[in-house]
Amino acid sequence: MIQLSVDALFLRSTAFVIQSKSGRVAILCYRGTEPLNLINWMVNLDLEPERIAYQIGEGCPTVHGGFYRNTRATRYEVMSTLRYACDRRSARVSSSDAMLEGELEALYITGHSLGGAMAGLMAVMMRHERKYREAFADRLRAVYTFGQPMIGNPDFAEACQSDEFLREKVIRYVYDDDMVPHLPPAVSGPFQHFGREYQYRAPRSRNALTGLFGYLGRAHRSPEGRWEENVHPTSQASGLPTILLANLAFVAGKFQLARSLPAVYSVEDHFPQHYISSLIPGGVQNEFGD
């Protein structure tokens with residue numbers, strides 16, 4: 001675990017590096033918002049646009065200031081750890097002198113929510129910041145994010161789309177009506193997604209009917225949805241009223257009759273357990289060992 005916290009600067013950055021026993025594969029995972037951590041919430045709200053420190057695309061590419069600083073806060077230690085892996089050494093500081101079977105060949109980056117935004121920004125750094133591109137670009141295989149908010153303006157997103165890797169290998173998962181991929185709202189300024197997007201679509205109308213059956217005392221399992229690739233990425237929410245609607249949908253979900261009703265935006269759908277349960281392949285143990 002690599003972590004840095006500076007309250008006065010609104011920084012709370014946490015990353016995990018998981019390394020295979022052979023040393024050939026590593027996963028860099030960024031932690032999402034800690035629900036009870038005020039500084040994490042301030043990172044999310046610190047959305048004033050900031051110019052990035054390297055050249056990418058034309059126009060005026062800017063990114064979410066809080067996400068960008070939070071990623072940079074731990075990037076040097078993250079990169080140092082990954083360089084150990086490139087030199088056939090253990091990512092563990094206490095055993096970094098131990099030589100492994102092979103050097104790092106395949107790196108994957110992932111994260112949920114705030115962690116997804118940091119994962120996306122780190123991927124862009126590895127592709128476009130020269131000192132990192134030379135070391136890691138050829139080793140980076142894919143980026144998978146879950147419930148990721150938007151991280152840059154349209155100029156930034158278009159520049160990322162012009163990079164074949166960022167366009168095809170950054171894969172964003174959106175669970176049904178998850179509110180967070182629609183953020184920041186349009187009143188905060190223009191933001192836009194990049195990469196490929198897959199959305200889980202739950203059959204809400206059928207679920208509402210089976211929910212009524214359950215309320216009447218008839219056991220009936222709600223049908224499962226499925227993941228589909230979206231041709232057009234998730235768009236920005238218009239403003240603060242949409243966030244209020246998402247929270248009202250969360251409250252409504254605590255009542256059986258309202259639980260399966262359609263919602264334009266949902267806080268409940270952002271919770272990581274929904275992403276985990278819907279993405280676990282058949283025949284594979286879940287996080288509880290079932």
Side-chain angles (χ1 to χ4, degrees), residues 1-2 13-31 51-58 61 63 67-93 95-112 115-146 148 151-152 155-173 192-198 229 233 279:
M1 182 176 72
I2 299 167
S13 182
T14 305
F16 297 88
V17 177
I18 301 95
Q19 187 179 32
S20 68
K21 187 175 181 179
S22 70
R24 291 192 172 96
V25 180
I27 300 172
L28 171 60
C29 179
Y30 283 100
R31 184 171 186 174
R51 290 293 301 269
I52 52 180
Y54 47 91
Q55 181 62 37
I56 177 173
E58 304 295 332
V63 294
F67 296 161
Y68 186 41
R69 286 189 290 276
N70 217 47
T71 307
R72 289 153 63 204
T74 51
R75 67 173 173 172
Y76 289 112
E77 192 170 350
V78 166
M79 295 302 186
S80 294
T81 301
L82 292 176
R83 283 193 174 98
Y84 280 135
C86 292
D87 293 335
R88 293 179 56 197
R89 289 186 286 174
S90 171
R92 292 175 179 267
V93 176
S95 58
S96 59
D97 292 332
M99 299 301 291
L100 301 177
E101 179 183 327
E103 66 178 40
L104 178 64
E105 297 176 7
L107 171 65
Y108 298 87
I109 311 179
T110 188
H112 170 263
M118 295 169 69
L121 280 168
M122 179 56 76
V124 177
M125 289 180 191
M126 286 186 177
R127 292 289 301 175
H128 289 274
E129 200 160 350
R130 184 172 59 85
K131 58 186 175 182
Y132 300 137
R133 182 177 67 243
E134 293 174 353
F136 304 111
D138 291 341
R139 293 178 166 93
L140 184 59
R141 294 290 183 266
V143 180
Y144 299 95
T145 71
F146 310 91
Q148 175 205 316
I151 59 179
D155 285 343
F156 177 78
E158 289 169 11
C160 292
Q161 286 294 97
S162 67
D163 181 313
E164 183 180 3
F165 178 89
L166 298 177
R167 182 178 67 248
E168 300 296 332
K169 298 297 184 180
V170 173
I171 300 172
R172 295 178 295 100
Y173 289 95
Q192 186 174 310
H193 281 300
F194 65 90
R196 296 168 63 186
E197 178 176 295
Y198 287 84
E229 185 168 7
L279 283 165

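Since the structure is predicted, the reported quantities are computational estimates derived from the model, not experimental observations.
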*Judged by atom type as modelled, is there a donor-acceptor pair below 3.5 Å linking the side chain of S13 to the main-chain atoms of N70?*
yes
*May I ask you to check if R72 and Y68 form a cation-pi contact, with NZ or CZ under 6.0 angstrom from the six-membered ring centre and within 45° of the axis?*
yes
*Give a yes or no on whether Y144 atom OH has more than 12 heavy-atom contacts from other residues, nucleotides or ligands under 6.0 Å away.*
no
*Measure the shortest side-chain to side-chain distance between Y108 and T110 over non-hydrogen atoms and say whether it is less than 4.5 angstrom.*
no
*Under a 4.5 Å cut-off applied to non-hydrogen side-chain atoms, are Y30 and V78 in contact?*
yes
*To the nearest 0.5 Å, how far apart are CD in E168 and CG in D163?*
10.5 Å
*Okay, side chain of T145, backbone of G116: is any donor-acceptor separation there less than 3.5 Å?*
no
*For S90 against Y84, the heavy-atom pair lying closest together*: O-CB, 3.8 Å
*From CD1 (I52) to CE (M125), nearest 0.5 Å*: 8.5 Å
*Write down the atom of V124, the atom of L166, and the distance for their closest heavy-atom approach.*
CG2-CD1, 4.0 Å
_Distance (rounded to the nearest 0.5 Å) between E101 CD and R24 CZ_ = 4.5 Å
*Quick one: are M79 and F136 in side-chain contact, heavy atoms under 4.5 Å?*
yes
_Close side-chain approach of Y54 to R130, heavy-atom, < 4.5 Å_ = no
*Do R127 and K169 touch side chain to side chain, with heavy atoms closer than 4.5 Å?*
no
*Nearest heavy-atom pair of A119 and G111: which atoms, and what distance?*
CB-N, 4.3 Å
_Within 6.0 Å of CZ in R75, more than 12 heavy atoms from elsewhere_ = yes
*Would you give the length of the straight line joining atom CD of Q192 to atom CG of D155, rounded to the nearest 0.5 angstrom?*
9.0 Å
*Take M1 and R31 through the test side chain to side chain contact (heavy atoms under 4.5 Å, CB included) and record every step on the way to the result.*
CA-CA 10 Å; M1 182 176 72; R31 184 171 186 174; over 6 Å; no
*Rounded to the nearest 0.5 Å, how far apart are CD1 of I2 and OG1 of T74?*
7.0 Å
*So which heavy atom on R89 is nearest to which on Q19, and how close?*
O-NE2, 3.2 Å
*Step through the shown structure and confirm whether more than 12 heavy atoms of other residues, nucleotides or ligands are within 6.0 Å of CG on D138.*
no
*List the atom of S22, the atom of L100, and the distance in Å for their closest heavy-atom pair.*
O-CB, 3.8 Å
*Looking at CG of L107 and CG of L28, how far apart are the two atoms once the value is rounded to the nearest 0.5 Å?*
6.5 Å
*Above 12 or not: heavy atoms from other molecules or residues under 6.0 Å from NZ of K21?*
no
*Checking E197 side chain against Y173 main chain: does a donor-acceptor pair fall under 3.5 Å?*
no
*Positive for salt bridge (Lys or Arg N to Asp or Glu O under 4.0 Å) with R139, one of E134, E105, E103*: E103
*Show the numbers, then the answer: is there a side chain to side chain contact (heavy atoms under 4.5 Å, CB included) between V63 and I151?*
CA-CA 6 Å; V63 294; I151 59 179; 5.6 Å; no
_Tell me whether the count of non-hydrogen atoms from other residues, nucleotides or ligands lying under 6.0 Å of CD in E229 goes above 12._
yes
*Of the non-hydrogen atoms in M126 and A137, which two are nearest, and what is the gap between them?*
O-CB, 3.7 Å
